[in-house]
Amino acid sequence: MCGRRRTEKPKRRAAQAVRWDGHEPLGLGTEITLMMTEHGMVAPAAGGSFLTQFDDVLAAAAPELTGHARAADTGRRRWLCLPA
C-alpha cells in the first residue's frame, strides 16, 4: 500500500442493558448457578443431564409444582415441561 495508512473501524461496544431495579440482567446459566449456590446444591462432577436432575431443580425453583410437572426431551436441544 503505497504510503496509505489502513484505518480501522472503531470497535463497537455492546450496550449493557440495565433493568428497572438498577441491576444488569443475568443469563439463565448464571441464574441457575446462583440458585444452586443459595440452596446448597452441588453440580455433579461428571455426567448427568438436566432431565435427570429436573425434579431437584423444580423443587428448588417452584416447590408448588413438585409432582405436577415432568420434563420431556424433544430431541432438538429443547426441553418441554409437561403435566405429570
Side-chain angles (χ1 to χ4, degrees):
M1 302 243 183
C2 301
R4 287 190 179 180
R5 204 178 222 186
R6 182 177 175 190
T7 57
E8 293 183 18
K9 293 181 181 178
K11 294 183 180 180
R12 296 178 81 184
R13 295 185 100 190
Q16 292 183 347
V18 178
R19 297 186 324 203
W20 60 272
D21 60 356
H23 293 95
E24 292 182 17
L26 299 173
L28 179 61
T30 304
E31 290 283 354
I32 290 175
T33 302
L34 290 172
M35 180 195 65
M36 289 177 67
T37 303
E38 287 176 5
H39 292 281
M41 299 172 74
V42 179
S49 73
F50 176 77
L51 293 176
T52 59
Q53 299 177 1
F54 179 76
D55 293 330
D56 296 332
V57 172
L58 184 65
E64 65 276 7
L65 295 178
T66 302
H68 298 288
R70 65 180 174 85
D73 188 0
T74 63
R76 291 190 232 158
R77 297 180 60 149
R78 291 185 181 179
W79 296 286
L80 298 175
C81 186
L82 303 171

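Sequence positions, counted from 1, serve as the residue numbers for this chain.
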CD on Glu31 to CE on Met36, rounded to 0.5 Å: 13.5 Å

Which atom of Ala60 lies closest to which atom of Met41, heavy atoms considered: CB-SD, 4.1 Å

Going through the checks in order, is the side chain to side chain contact (heavy atoms under 4.5 Å, CB included) test met by Arg70 and Asp55? CA-CA 8 Å; Arg70 65 180 174 85; Asp55 293 330; 5.9 Å; no

To the nearest 0.5 Å, what is the distance between CG (Leu28) and OG1 (Thr33)? 9.0 Å

Holding to side chain to side chain contact (heavy atoms under 4.5 Å, CB included), I want the full list of residues that pass it with Ala62, two or more places apart in sequence or in another chain. Leu58, Glu64, Leu65

